[in-house]
Amino acid sequence: MENFLKEEMNKLEIQLNDKQITQFLTYYELLVEWNKFMNLTAITDFKEVVQKHFVDSLSIVKALDQKYLQTGNISVIDIGTGAGFPGIPLKIVFSGLNITLLDSLNKRIKFLDNVIEELSLKDIKAIHGRAEDYARRENFREQYDICVSRAVAKLITLSEYSLPFVKIGGYFISYKSENIEEEIDDSKNAIKLLGGSLNEVVKFILPDTDIKRSIVTIKKEKMTNKKYPRKSGIPSKEPLK
């Protein structure tokens, strides 16, 4: 197990130390155990979890320099974190990050709190709530260097939920599947309206799989108008034009 984990991370040019290996293995064990009585993931095979959750979460290094992620005082919010992806793998590897995990299901927050405690992680917290509510709070709005999301919503909807959290000069990074062109075209005006600009799209195949992925990086250029995000449900039902 250890060797497979190390080998897969090496393919991202990430070298794990013994502490990080132990943290990943413990995280996997907790994921499988809690998954017996709550829906965290459909994937429970160790190798698949490593490839499709751990490595996928850390594929952000294809869009952001590892040296940047290793510097101190970088704040990250993970929107719709679910079982902690990508936030917890990012924290394990880049321990200096200050991370907020946000999810709308309280039972997932209980799982995440347990993971944080068992892995002895510092400067990371799990919060129960909706992005559209927290993005309006003064101590969350435009307070983060990076907002990440592996949520399945369309980019146009995720942008409205996520960009309000990002500081000017920061980034919203969306983990998407291969076919992203149409979503990007549909989102360009909305991203501009929300104060962002499309910075880069990195396409790749997850190591040792046939899964095609895209990392979409959007830079925050100016403050987001206070009327965004709109109330719950509206961004998905009535996307910005």
Side-chain angles (χ1 to χ4, degrees), residues 57-81 86-87 90 94 96-102 127 129-177 179-204 213-232 234-241:
S57 293
L58 287 156
S59 62
I60 193 173
V61 300
K62 293 181 176 293
L64 290 180
D65 193 308
Q66 286 198 47
K67 291 180 181 178
Y68 169 70
L69 292 169
Q70 286 165 346
T71 58
N73 300 319
I74 292 177
S75 54
V76 180
I77 186 164
D78 180 0
I79 300 296
T81 187
L90 285 173
F94 304 107
L97 295 175
N98 192 316
I99 294 184
T100 301
L101 306 170
L102 181 64
I127 295 175
R130 293 184 175 276
E132 54 267 42
D133 297 327
Y134 272 87
R136 291 186 168 276
R137 298 191 181 189
E138 188 175 340
N139 55 333
F140 286 84
R141 190 176 184 87
E142 294 176 331
Q143 297 298 308
Y144 292 89
D145 298 296
I146 304 169
C147 176
V148 292
S149 183
R150 280 176 88 226
V152 295
K154 289 186 176 181
L155 184 62
I156 192 169
T157 302
L158 284 174
S159 296
E160 184 170 350
Y161 288 145
S162 301
L163 276 167
F165 286 101
V166 183
K167 297 175 181 176
I168 293 174
Y171 299 94
F172 163 46
I173 296 180
S174 180
Y175 293 66
K176 304 294 289 183
S177 60
N179 299 317
I180 191 67
E181 284 76 13
E182 186 177 342
E183 280 192 50
I184 289 173
D185 287 341
D186 290 343
S187 304
K188 282 180 178 177
N189 289 337
I191 290 168
K192 186 176 180 181
L193 185 66
L194 294 161
S197 65
L198 183 66
N199 191 64
E200 185 181 25
V201 180
V202 179
K203 296 187 175 185
F204 60 97
R213 302 289 276 146
S214 298
I215 298 282
V216 181
T217 305
I218 296 167
K219 188 169 184 179
K220 185 73 171 280
E221 303 281 3
K222 59 182 181 180
M223 292 179 71
T224 303
N225 190 299
K226 289 183 179 179
K227 63 183 177 182
Y228 304 116
R230 293 167 293 169
K231 291 182 179 179
S232 178
I234 296 177
S236 56
K237 292 176 183 176
E238 300 174 20
L240 295 170
K241 302 297 183 183

Side chain to side chain contact (heavy atoms under 4.5 Å, CB included) partners for [X], two or more places apart:
X: L193; result: Y228, L240
X: S187; result: L155, I156, I191
X: R141; result: P164, T224, P229
X: S75; result: Y144, D145, K167

To the nearest 0.5 Å, how far apart are [atom1] in [X] and [atom2] in [Y]?
X: T100; Y: D78; atom1: OG1; atom2: CG; answer: 9.5 Å
X: I60; Y: Y68; atom1: CD1; atom2: OH; answer: 9.0 Å
X: I146; Y: N98; atom1: CD1; atom2: CG; answer: 11.5 Å
X: I215; Y: R150; atom1: CD1; atom2: CZ; answer: 9.0 Å
X: K192; Y: L163; atom1: NZ; atom2: CG; answer: 14.5 Å
X: L101; Y: I127; atom1: CG; atom2: CD1; answer: 8.5 Å

Donor-acceptor contact below 3.5 Å, side chain [X] vs main chain [Y]:
X: S162; Y: S159; answer: no
X: S214; Y: S177; answer: yes
X: T217; Y: I173; answer: no

Legend entry - Minimal non-hydrogen separation, L102 against G129, with atom names: CD1-O, 3.6 Å

Legend entry - Closest non-hydrogen atom pair, F140 against Y134: CB-O, 3.3 Å

4.5 Å side-chain heavy-atom contact, [X] and [Y]:
X: L158; Y: F172; answer: yes
X: F94; Y: V61; answer: yes
X: V201; Y: I180; answer: yes
X: Q66; Y: Q70; answer: yes
X: D186; Y: P239; answer: no
X: I74; Y: L69; answer: no
X: E132; Y: P235; answer: no
X: I79; Y: V148; answer: no

Inset, instruction - Evaluate the side chain to side chain contact (heavy atoms under 4.5 Å, CB included) criterion for residues L90 and L97: first the C-alpha distance (whole Å), next the side-chain angles of each, then the deciding distance (0.1 Å), finally the verdict. - result: CA-CA 8 Å; L90 285 173; L97 295 175; 4.2 Å; yes

Legend entry - Residues that R230 engages under side chain to side chain donor-acceptor pair (under 3.5 Å), provided they are two or more places apart: E160

Legend entry - Within 6.0 Å of CG in N73, more than 12 heavy atoms from elsewhere: no

Inset, instruction - Would you check, one step at a time, whether the test side chain to side chain contact (heavy atoms under 4.5 Å, CB included) holds for Y175 with R213? - result: CA-CA 7 Å; Y175 293 66; R213 302 289 276 146; 3.7 Å; yes

Legend entry - Residue pair Y171, I218: steps toward the side chain to side chain contact (heavy atoms under 4.5 Å, CB included) verdict: CA-CA 6 Å; Y171 299 94; I218 296 167; over 6 Å; no

Legend entry - Residue from E182, E181, E183 passing salt bridge (charged side-chain N to carboxylate O under 4.0 Å, His left out) with K176: E183

Inset, instruction - Write out all pairs satisfying salt bridge (charged side-chain N to carboxylate O under 4.0 Å, His left out) with one or both partners inside residues 215-228, taking only residues at least two apart or from two chains. - result: E142-K220

Legend entry - side chain to side chain contact (heavy atoms under 4.5 Å, CB included) assessment of S149 paired with Y161: CA-CA 10 Å; S149 183; Y161 288 145; over 6 Å; no

Legend entry - Basic-acidic side-chain contact under 4.0 Å: K188, D185: yes

